[in-house]
Amino acid sequence: MHLKKLLFYCFLSFSLLSTQSVAEDHAIYISVVKVAHEELSPTATIHVRVFTDDLKSALRNKFGYEVISEKETFCSDYEGYINKYFEKQFLFTINQESTAYHLINCQRTEEVFQLEFEMVCPDKWDKVVIEAPFFMELFPNQSNVIHLEDSGNKRFGRVTKGNETLKIRL
């Protein structure tokens with residue numbers, strides 16, 4: 001029953017992020033993360049979908065900018081800041097080893113930023129710990145839905161304020 005509930009949240013999240021029209025202050029604070037690791041690969045990809053205004057608010061809060069650019073060059077203008085923010089607010093430990101990742105793609109589609117990171121990681125995964133409190137410093141109702149795929153194994157989870165860590169055994 002728990003897996004069905006998580007699948008429902010994941011489906012709902014993807015639907016909302018792709019079709020929801022969002023005003024300046026929206027009522028839903030949610031992100032969707034997909035981590036994909038192929039068998040015996042030394043890297044994994046992390047796809048993060050976040051609302052545009054939430055990302056801008058988080059960067060503004062963290063780095064002190066009054067105005068965040070609305071230009072089409074947002075991704076390239078703020079790539080370093082996006083990396084710095086997420087490296088402190090989105091942590092991976094795989095088989096008790098901390099991992100590093102960096103932004104390789106950033107695109108804005110309507111009201112959503114699609115961020116893609118590449119992570120250097122162990123080639124075989126047994127235990128994964130994900131700490132994902134991003135945006136929760138500003139939005140106490142933030143939920144981050146995480147879908148993890150490793151060598152054909154699929155796991156789902158959700159983190160919220162007060163429950164920011166997800167532990168997964170594969």
Side-chain angles (χ1 to χ4, degrees), residues 9-10 12-37 42-94 96-121 128-148 157-168:
Y9 280 122
C10 192
L12 177 65
S13 301
F14 278 115
S15 298
L16 288 172
L17 285 175
S18 63
T19 62
Q20 180 77 14
S21 175
V22 181
E24 183 64 31
D25 287 324
H26 53 84
I28 294 176
Y29 295 95
I30 194 164
S31 75
V32 178
V33 177
K34 181 180 179 184
V35 180
H37 176 246
T43 62
T45 13
I46 305 167
H47 299 271
V48 181
R49 291 176 54 110
V50 296
F51 285 115
T52 304
D53 56 335
D54 293 352
L55 177 60
K56 290 179 179 183
S57 294
L59 294 179
R60 189 177 303 114
N61 181 63
K62 177 73 175 169
F63 301 108
Y65 294 104
E66 288 297 319
V67 178
I68 297 291
S69 170
E70 293 293 330
K71 299 184 291 184
E72 288 187 24
T73 58
F74 174 88
C75 290
S76 59
D77 291 350
Y78 296 100
E79 179 179 348
Y81 295 105
I82 294 169
N83 275 316
K84 285 180 188 177
Y85 177 79
F86 278 96
E87 76 182 16
K88 299 289 185 197
Q89 296 290 326
F90 193 48
L91 306 173
F92 278 81
T93 305
I94 301 171
Q96 301 180 342
E97 290 181 39
S98 294
T99 60
Y101 58 88
H102 64 278
L103 187 68
I104 58 171
N105 192 13
C106 173
Q107 292 183 327
R108 180 177 177 172
T109 57
E110 299 199 18
E111 299 298 329
V112 173
F113 273 112
Q114 296 184 51
L115 308 173
E116 183 179 357
F117 297 90
E118 182 177 62
M119 177 172 56
V120 176
C121 60
V128 178
V129 177
I130 301 170
E131 294 177 55
F134 61 89
F135 299 172
M136 292 178 195
E137 72 277 13
L138 293 174
F139 311 115
N141 295 327
Q142 176 76 27
S143 281
N144 298 324
V145 177
I146 299 170
H147 172 202
L148 179 103
R158 180 175 69 111
V159 296
T160 56
K161 190 159 187 84
N163 188 25
E164 296 95 357
T165 303
L166 186 61
K167 297 177 182 177
I168 301 170

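Because the structure is predicted, anything quoted here is derived from the model rather than measured.
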Distance-only, no hydrogens or angles: does the Asn83 side chain make a donor-acceptor pair with backbone N or O of Leu103 under 3.5 Å?
-> yes

Answer yes or no: is there a donor N or O on one side and an acceptor on the other, between the side chain of Thr99 and the main chain of Cys121, under 3.5 Å?
-> no

Looking only at heavy atoms, which two atoms of Glu110 and Thr52 are closest? And how far apart?
->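 Here Glu110 and Thr52 meet closest at O-OG1, 3.9 Å.
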
Grab the two heavy atoms, one from Val159 and one from Ala132, that are nearest each other, plus how far apart they are.
-> CG2-O, 3.4 Å

Atom [atom1] in [X], atom [atom2] in [Y]: separation rounded to 0.5 Å?
X      : Y      : atom1 : atom2 : answer
Glu131 : Gln89  : CD    : CD    : 10.0 Å
Ile146 : Ile168 : CD1   : CD1   : 7.0 Å
Lys62  : Ile82  : NZ    : CD1   : 14.5 Å
Lys34  : Arg49  : NZ    : CZ    : 12.0 Å
Tyr81  : Leu59  : OH    : CG    : 10.0 Å
Tyr29  : Leu138 : OH    : CG    : 9.5 Å

Kindly indicate whether the side chain of [X], heavy atoms from C-beta on, has any atom under 4.5 Å from the side chain of [Y].
X      : Y      : value
Met119 : Ile94  : yes
Ser31  : Gln142 : yes
Ile30  : Phe51  : yes
His47  : Glu116 : yes
Cys106 : Tyr78  : no
Phe113 : Lys56  : yes
Val33  : Val35  : yes

Kindly state whether the ring of Phe117 and the ring of Phe90 have centres lying under 6.0 angstrom apart.
-> no

What do you reckon, are the aromatic ring centroids of Phe86 and Phe134 less than 6.0 Å apart?
->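 Yes: the rings meet the under 6.0 Å criterion.
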
